[in-house]
Amino acid sequence: MKRILYMVLRNFFLVPFMWIKLCYHAAHVDKYTEEQHYKMLKFIVRRANKGGNVKIDIYGQENIPLESGFMFFPNHQGLYDVLAIVEACPKPFSVVAKQEVAHIQFLKQVFACMKAYMLDRDDVRQAMKVISNVSKEVTEGRNYIIFAEGTRSKNGNEVQEFKGGSFKAATRARCPIVPVALIDAFKPFDTNSISPVTVQVHFLKPLYYNEYKDMKTTEIAALVKGRVQKTIQKFS
């Protein structure tokens with residue numbers, strides 16, 4: 001966590017102002033549009049990255065669908081993943097995250113601004129309600145991220161199994177599925193270093209409904225994982 005402290009120290013005079021603004025946005029979610037929330041979050045993330053010696057290399061932005069109402073499915077490396085995609089993605093999105101991170105300061109406020117869903121993996125009924133709500137919102141034009149591995153990898157750039165159930169919201173919404181390959185996203189927050197680091201964010205070609213409509217969710221999961229894994233092996 002040295003890098004977080006470094007980010008704060010190098011933005012010392014800006015941090016109090018931005019923290020107050022972030023908390024105000026989080027407490028008054030309906031006062032701002034999704035675009036206004038996202039613009040504020042992107043500013044904070046960019047300044048934090050600059051202060052923390054984190055560089056984001058972005059690939060495949062042209063693969064992000066022009067029309068909103070799609071879902072990103074990245075590999076999961078750590079707490080920094082969402083922040084990397086915030087800097088890389090020009091369009092607002094929300095997140096389905098596990099309940100365990102709901103009370104981590106800063107992430108708690110970020111997720112509030114995104115109107116994110118916190119998933120209780122031990123409560124099947126709650127999980128099904130989240131899937132239903134997300135699919136409805138995606139159909140109405142919101143964009144979402146789901147980490148199909150369920151938990152972050154303990155082995156850096158190694159990809160774990162993508163769970164078929166994670167794709168149920170996408171199949172219900174019949175929306176574009178955009179695989180995202182994150183490379184070295186574990187390094188900013190999950191290594192005890194402040195050395196300069198480059199995180200790669202690769203937006204891969206989307207999978208459209210007519211391409212996956214006859215596939216089982218487990219088959220979709222394997223296909224998306226394969227594309228992500230191939231990209232990581234090629235560029236890491």
Side-chain angles (χ1 to χ4, degrees), residues 1-23 25-26 37-64 72 74-95 97-98 100-101 103-114 116 145 147 149 151-160 179-204 228-229 231-236:
M1 289 297 180
K2 282 184 180 180
R3 195 177 305 272
I4 296 176
L5 180 60
Y6 195 53
M7 287 174 171
V8 171
L9 291 175
R10 292 193 68 189
N11 289 284
F12 185 77
F13 294 105
L14 183 65
V15 165
F17 169 73
M18 292 312 300
W19 175 248
I20 291 170
K21 187 169 185 177
L22 176 63
C23 290
H25 271 248
H37 283 305
Y38 195 63
K39 182 179 180 181
M40 182 267 300
L41 292 176
K42 283 181 77 72
F43 176 80
I44 292 175
V45 170
R46 284 172 176 163
R47 290 303 297 259
N49 284 340
K50 185 176 181 180
N53 286 334
V54 181
K55 181 175 179 287
I56 308 293
D57 282 350
I58 308 165
Y59 304 87
Q61 272 191 343
E62 69 279 4
N63 291 322
I64 299 173
F72 290 130
N75 55 307
H76 193 12
Q77 296 194 340
L79 295 175
Y80 183 77
D81 295 350
V82 171
L83 303 182
I85 299 173
V86 165
E87 174 155 341
C89 182
K91 289 190 171 188
F93 61 86
S94 189
V95 184
K98 59 185 179 182
E100 290 86 338
V101 302
H103 303 294
I104 297 176
Q105 290 300 315
F106 182 67
L107 286 181
K108 174 183 177 180
Q109 286 77 19
V110 168
F111 288 153
C113 291
M114 289 180 155
I145 280 183
F147 292 100
E149 289 165 288
T151 187
R152 61 184 176 177
S153 171
K154 303 294 185 182
N155 298 306
N157 290 318
E158 184 176 320
V159 183
Q160 303 174 101
V180 182
L182 299 175
I183 298 175
D184 293 339
F186 65 95
K187 290 183 177 179
F189 288 172
D190 294 279
T191 59
N192 194 29
S193 171
I194 58 173
S195 299
V197 60
T198 298
V199 175
Q200 298 179 44
V201 180
H202 296 257
F203 297 104
L204 309 183
V228 170
Q229 193 167 41
T231 301
I232 292 174
Q233 289 170 347
K234 181 178 179 180
F235 290 96
S236 63

Between Q77 and L182, is there a donor-acceptor pair closer than 3.5 Å when you use the side chain of the first and the backbone of the second? yes
Got a sec: does the NZ of K39 have more than 12 other heavy atoms crowding it under 6.0 Å? no
Is the ring pair H202/F235 parallel, tilted or perpendicular, if the boundaries are 30 and 60 degrees? tilted
In terms of heavy-atom contacts, I64 and P90 come closest through CD1-CD, 3.8 Å
Spacing of CD1 belonging to I44 relative to NE2 belonging to H25, to within rounding of 0.5 Å: 8.0 Å
Test side-chain contact (heavy atoms from CB on, under 4.5 Å) applied to Q105 and W19, step by step: CA-CA 11 Å; Q105 290 300 315; W19 175 248; 3.7 Å; yes
What distance separates N11 CG from K50 NZ, expressed to the nearest 0.5 Å? 9.0 Å
Spacing of L9 atom CG and I194 atom CD1 [to the nearest 0.5 Å]: 9.5 Å
Side chain of N75, backbone of V159: donor and acceptor closer than 3.5 Å? no
Taking every heavy atom of V180 against every heavy atom of V228, the minimum-distance pair comes out as O-CG2, 3.7 Å
Between the main-chain N or O of H76 and the side-chain N or O of S153, is there a donor-acceptor pair closer than 3.5 Å? no
On a heavy-atom basis, which atom in A181 and which in I232 lie closest, and how many Å separate them? CB-CG1, 4.1 Å
Could you give me the CA-CA distance, side-chain angles and deciding distance for M18 and F43, then say whether side-chain contact (heavy atoms from CB on, under 4.5 Å) is met? CA-CA 9 Å; M18 292 312 300; F43 176 80; 3.6 Å; yes
Beyond-backbone contact of T231 with Y59, side-chain heavy atoms, under 4.5 angstrom: no
What are the two closest heavy atoms between N63 and L204, and how far apart are they? CB-O, 3.4 Å
Going by heavy atoms in the side chains, are V199 and E87 under 4.5 Å from each other? no
Does F106 offer a backbone N or O that forms a donor-acceptor pair with the side chain of Q109 under 3.5 Å? yes
What distance do E158 atom CD and Q233 atom CD have between them, rounded to the nearest 0.5 Å? 10.0 Å
NE2 on H37 to CG on L22, rounded to 0.5 Å: 10.5 Å
Apply side-chain contact (heavy atoms from CB on, under 4.5 Å) to the pair K55 and N49, showing each step before the final yes or no. CA-CA 7 Å; K55 181 175 179 287; N49 284 340; over 6 Å; no
One should read off an interatomic distance between I85 CD1 and I56 CD1, to the nearest 0.5 angstrom, of 10.0 Å
Looking only at heavy atoms, which two atoms of A26 and A112 are closest? And how far apart? CB-CB, 3.8 Å
Do Q61 side-chain atoms and A88 backbone N/O form a donor-acceptor pair below 3.5 Å? yes
Grab the two heavy atoms, one from F147 and one from P74, that are nearest each other, plus how far apart they are. CE2-CG, 3.6 Å
Given M7 and V54, is the side-chain contact (heavy atoms from CB on, under 4.5 Å) satisfied, shown in steps? CA-CA 10 Å; M7 287 174 171; V54 181; 4.0 Å; yes
S193 side chain to T191 side chain, donor-acceptor N/O pair below 3.5 angstrom: no
I'd like to know if the side chain of N53 and the backbone of S195 have a donor-acceptor N/O pair within less than 3.5 Å. no
Pairs involving residues 180-202, ordered by first then second residue, that meet salt bridge (charged side-chain N to carboxylate O under 4.0 Å, His left out) (sequence neighbours left out): R152-D190, D184-K187
Measure from the side-chain N and O atoms of D81 to the backbone N and O of G78, and report whether any donor-acceptor pair falls under 3.5 Å. yes
Indicate yes or no for a side-chain donor-acceptor contact from Q200 to the backbone of I183 under 3.5 Å, with no hydrogens or angles considered. no
